[in-house]
Amino acid sequence: MKDIKKYQGVIPAFYACYDAEGNISVEGVKALTRHLIAKGVKGVYVGGSSGECIYQHVDERKTVLEAVMSEAKGKLTVIAHVGCNNTADSMELARHAESVGVDAIASIPPIYFHLPEYAIAKYWNDMSAAAPNTEFVIYNIPQLAGTALTMSLLNEMLKNPNVVAVKNSSMPTQDIQMFKDAGIAARGEGNFVVFNGPDEQFVSGRVIGADGGIGGTYAVMPELYLAMNAYLEKGEIAKARAIQYEANRIIYKMCSAHGNLYAVQKEILRRMYGLELGSVRAPMPGLIPEDEPIVAEAQAMIEAAIAKL
């Protein structure tokens, strides 16, 4: 039986951390890791969308993961996203992730070319084979990857005993139920995990059966998602829903800036906690002066929401 308890709860997607020159900031990575440990989250998802993985070199991604593990090992569940635009690099990152002791590796499907399902399965199974002693999480985000996880592809992947979870960022919450049913049918009750991906649907995703959540706005306001999760565990859905509405309004506000959402969030963390995480990597847009009132308002909204808990 798999130990799925380590995946149950609130797992922030880890932000890319840069210095003033735009290089990886190891100190920033370590500081953000310590910050999230102190906030009481269950784990971190490293090297995914929030980590700007497609804009980073393989060696940079290794540096980030090593810095996270230096602070988080034994304290947080660590899931390392290892998907790249080619299989060889993905396998290299998978081997590295296993060598530093992560709990699981994860990957989106191959992007750009629309490949047949057997090619996608081979891509995932090849990186899983490169980390044979590490659990594997399928990352389903069709609106960005361009490929959706189908039931036939999931059932093929479930032949791999290391596949323990789906990080589901598709918008229909019913996908969570479908993936969970398939996982339970293949593994048995309590041996397969589905994570809710869309932050705006944390409550609905958890209610329909997600075991936990992985999201890109959790790190800037973990208190809100932890409170939602706690209320859901107690069956107090109305209270959880009220916090979800507040979180969503904050997300909409942050997304209204010219700068990328991650640039906004990292600036808010700098202002609230003194975390120096830099901006975002081109071609993603950074903040402009006109974003100042939006950042300030979003920060005020976060602080007010936390104060009400």
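Count residues from 1 along the sequence. For the numbers below, each heavy atom of this structure counts, side chains included, while hydrogens, waters and symmetry mates do not.
Between E292 and R271 a salt bridge is recorded (basic side-chain N to carboxylate O distance below 4.0 Å). K266 has a carboxylate O that lies under 4.0 Å from a charged side-chain N of E52, or vice versa, which qualifies the two as a salt bridge. Taking the charged nitrogens against the carboxylate oxygens, D211 and K180 do have a contact shorter than 4.0 Å, which makes a salt bridge. For the pair R249 and E200, the salt-bridge criterion is not met [side-chain N within less than 4.0 Å of a carboxylate O]. Remark: E236 does not engage R241 in a salt bridge, criterion side-chain N to carboxylate O under 4.0 Å. Ion pairing of E267 with R270 is present here, as a side-chain N (NZ or NE/NH1/NH2) and a carboxylate O approach within less than 4.0 Å. The existence of a salt bridge linking K30 and E71 is excluded, since no basic side-chain nitrogen approaches an acidic carboxylate oxygen closer than 4.0 Å.
For V264 against G259, the heavy-atom pair with the smallest separation is CG2-O, 4.1 Å. Minimum interatomic distance between A210 and F195 (heavy atoms only, all atoms of both residues): CB-C, 4.3 Å. Summarising the geometry of A94 relative to A130, their closest heavy-atom pair is CB-CB, 4.1 Å, with the distance given to 0.1 Å. The nearest pair of heavy atoms linking I105 to A131 is CD1-CB, 4.0 Å. The minimum heavy-atom distance linking D103 with Y7 is given by the pair O-OH, 3.3 Å.
Remark: the backbone N or O of V163 is paired with a side-chain donor or acceptor of R187 at under 3.5 angstrom. A donor-acceptor contact shorter than 3.5 Å links the side chain of D199 to the backbone of T217. Panel note: side chain N23, backbone D19; no donor-acceptor pair is recorded below 3.5 Å. When atom types are taken as modelled, the side chain of S128 and the backbone of W124 share no donor-acceptor pair closer than 3.5 angstrom.
Rounded to the nearest 0.5 angstrom, L232 CG and I243 CD1 are separated by 9.0 Å. Residue H81 holds its NE2 atom at 7.0 Å from OG of S49, rounded to the nearest 0.5 Å. For the atom pair OG of S256 and CD1 of I251, the computed distance is 12.5 Å after rounding to the nearest 0.5 Å. How far OG1 of T33 is from NZ of K73: 14.5 Å, rounded to the nearest 0.5 Å. In this structure, CD in E117 is found 10.5 Å from CG in L154, a value given to the nearest 0.5 Å.
The aromatic ring centroids of Y225 and F202 lie less than 6.0 Å from each other.
Hydrophobic clustering (side-chain heavy atoms under 4.5 Å, transitive across Ile, Leu, Val, Met, Phe, Trp, Tyr) keeps Y245 apart from Y231. By the criterion of side-chain heavy atoms lying less than 4.5 angstrom apart, applied directly or through intervening Ile, Leu, Val, Met, Phe, Trp or Tyr residues, Y262 is not grouped with I288; the two fall into different hydrophobic clusters. Connection of L309 to I302 is established within a shared hydrophobic cluster, with ILVMFWY side chains joined at heavy-atom distances below 4.5 Å, either directly or through further cluster members. A chain of hydrophobic side-chain contacts below 4.5 Å, direct or via other Ile, Leu, Val, Met, Phe, Trp or Tyr residues, connects I54 to F113. Cluster annotation: V100 is connected to I24 through the hydrophobic network of ILVMFWY side chains, with a link wherever side-chain heavy atoms come within less than 4.5 Å.
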D89 and N86: CA distance, side-chain angles, deciding distance, side chain to side chain contact (heavy atoms under 4.5 Å, CB included) verdict: CA-CA 6 Å; D89 286 348; N86 67 82; 2.9 Å; yes
Check the pair V10, I214 against side chain to side chain contact (heavy atoms under 4.5 Å, CB included), reporting the backbone distance first and the verdict last. CA-CA 7 Å; V10 174; I214 298 173; over 6 Å; no
Carefully, step by step, assess K6 and E135 under the rule side chain to side chain contact (heavy atoms under 4.5 Å, CB included). CA-CA 12 Å; K6 63 184 177 181; E135 293 172 341; 3.7 Å; yes
Any chance you could lay out the salt bridge (charged side-chain N to carboxylate O under 4.0 Å, His left out) test for E60 and R281, step after step, and finish with the verdict? CA-CA 13 Å; E60 291 181 311; R281 182 165 284 181; 2.8 Å; yes
Working for side chain to side chain contact (heavy atoms under 4.5 Å, CB included), residues S107 and I138: CA-CA 6 Å; S107 178; I138 295 169; over 6 Å; no
Mind running side-chain hydrogen bond (donor to acceptor under 3.5 Å, both in side chains) on T87 and D126 for me, showing each step along the way? CA-CA 7 Å; T87 300; D126 282 347; 5.0 Å; no
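Residues E276 and S25 bring no donor and acceptor atom of their side chains to less than 3.5 Å of each other. Side-chain atoms of R206 and N229 form a donor-acceptor pair, as typed in the model, at a separation below 3.5 Å. The closest side-chain donor-acceptor pair between N140 and N168 falls under 3.5 angstrom. With hydrogens and angles left out, the side-chain atoms of Q143 and S170 include no donor and acceptor closer than 3.5 Å.
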